[in-house]
There are 2 protein chains.
Amino acid sequence: MTHPPMPLLKGTLDVLILKTLGWGPSHGYAISRWIQQTTGDELHIEEGALYPALRRLEGKGLLDASWKTTATGREAKVYTLTAAGRRQLKAEVSAWSRYVSAMTRALEARPTGAIA
Amino acid sequence: MTHPPMPLLKGTLDVLILKTLGWGPSHGYAISRWIQQTTGDELHIEEGALYPALRRLEGKGLLDASWKTTATGREAKVYTLTAAGRRQLKAEVSAWSRYVSAMTRALEARPTGAIA
DNA sequence: TCTTATACCTTAGTTTCTTATGTATAACAG
DNA sequence: CTGTTATACATAAGAAACTAAGGTATAAGA
């Protein structure tokens, strides 16, 4: 068996949502499934994290929301990236890259003499 | 000018501390400086995050602590990785790797048709 | 003597998760 | 036609782990 899904690192959900919406408008439930699928079920988005995050991003003006009827005939709140959201997406992807680089430097560092 | 230091992603400090102590015993202030230096000043460890984290790890039995006098003649609480701490270090480095892989898959994914 | 660096600690507040619960409808199985 | 699963949203309570801001104390150097 594979690992169970990992808990989210606090602060990484926003960029995942923004990235998903970078492909086009979508609604919460679909966003969550997309993230889960593209990460090979490593990341599981709890609904209690997802919906507040969407409201947060909307409140910051990064997303626009509107109720629509999906292809399957159900009501869903469809989110669209705003221009500010697109800028934020770029910034957060780049911040994530820098963070990974910094962590990698630390986790792969060789000691520079004594750590004291 | 370079970027200001990034805020820590919650959940990444423990592995940084464990990694630092993987090189040998050290005390809080030195650990913090080492992380800051090896990440090229990208990560700045707030003392309000550092000291509680050390106590947390000690409480979990991952570190042992003892007061010692440093080479510069000052009192410092020196932490040492326990056997459990070494195992945890391995586990957390590997968990971080998996997390980065998952995030990378999501952030570099191409859309698989409609996100709906 | 004043400032900076070293070295520790703590509290209050914030953010962002997890867990649990609730609503409602569509689709499908039996 | 009825029960279960999947879809789709939401919220509340609690936990975890930060930031910000303050405090203590000593050593070294200007």
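What you see is a predicted model; the values in this text were computed from it and never measured. Letters go in sequence order (proteins before strands), and every chain restarts at 1.
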Would you please test Ser32(A) and Glu47(A) for side-chain hydrogen bond (donor to acceptor under 3.5 Å, both in side chains) and show each step? CA-CA 8 Å; Ser32(A) 151; Glu47(A) 302 194 340; over 6 Å; no
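- Shortest non-hydrogen contact noted between Gly28(B) and Leu54(B) is CA-CD1, 3.7 Å.
- Glu58(B) and Tyr79(B) get closest at one heavy-atom pair: OE1-CE2, 4.0 Å.
- Taking atom CG of residue Leu54(B) and atom C1' of nucleotide dA7(C), one finds them 12 Å apart after rounding to whole Å.
- Look at CD on Glu58(A): it is 12 Å from P on dC9(D), rounded to the nearest Å.
- The interatomic distance linking Leu43(B) (CG) with dT19(D) (C1') rounds to 15 Å, in whole Å.
- In this structure, Thr70(B) reaches the dA7(C) phosphate: one of its side-chain N or O atoms is under 4.0 Å from OP1 or OP2.
- What you find for Leu13(A) and Ala53(A) is that their closest heavy atoms are CD2-CB, 3.8 Å.
- Of all non-hydrogen atoms in Ala106(B) and Leu16(A), the two that sit nearest each other are CB-CD2, 3.5 Å.
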Treat primed atoms plus P, OP1 and OP2 as sugar-phosphate and everything else as base, then score nucleotides 10-23 of chain C 5' to 3': B for base contact with protein heavy atoms under 4.0 Å, S for sugar-phosphate contact only, - for none. B----BBSBB----
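- Between Trp67(B) atom CH2 and dA25(D) atom P there is a gap of 13 Å when expressed in whole angstrom units.
- In this structure, the side chain of Ser26(B) does not engage the main chain of Ala30(B) through any donor-acceptor pair within 3.5 Å.
- When every heavy atom of Met103(A) is checked against every heavy atom of Val15(B), the shortest pair comes out as CE-CG1, 3.7 Å.
- Lys77(B) places its NZ atom 15 Å from the C1' atom of dT24(D), with the value rounded to the nearest Å.
- Contact annotation: Arg74(A) side-chain N/O to dA27(C) OP1/OP2 distance is not under 4.0 Å.
- Partners of Arg98(A) according to the salt bridge (charged side-chain N to carboxylate O under 4.0 Å, His left out) rule, which considers only residues two or more places apart in sequence or in another chain, are Glu42(B).
- Residue Ser32(B) has no polar side-chain atom (N or O) positioned under 4.0 Å from OP1 or OP2 of dC8(C).
- Computed from coordinates, the Tyr29(A) OH to dA10(D) P distance equals 14 Å when rounded to whole Å.
- Note: NZ (Lys68(B)) to P (dC8(C)) measures 13 Å, nearest angstrom.
- Residues Ala76(A) and His27(A) approach most closely at CB-CG, 3.7 Å, considering heavy atoms.
- Within a heavy-atom distance below 4.0 Å of DNA chain D, no residue of residues 87-97 of chain B is found.
- Atom CD of Glu75(B) is separated from atom C1' of dA27(D) by 13 Å (rounded to the nearest Å).
- Residue order along DNA chain C, read from the 5' end via each residue's closest nucleotide, puts Val78(B) first among Val78(B) and Thr72(A).
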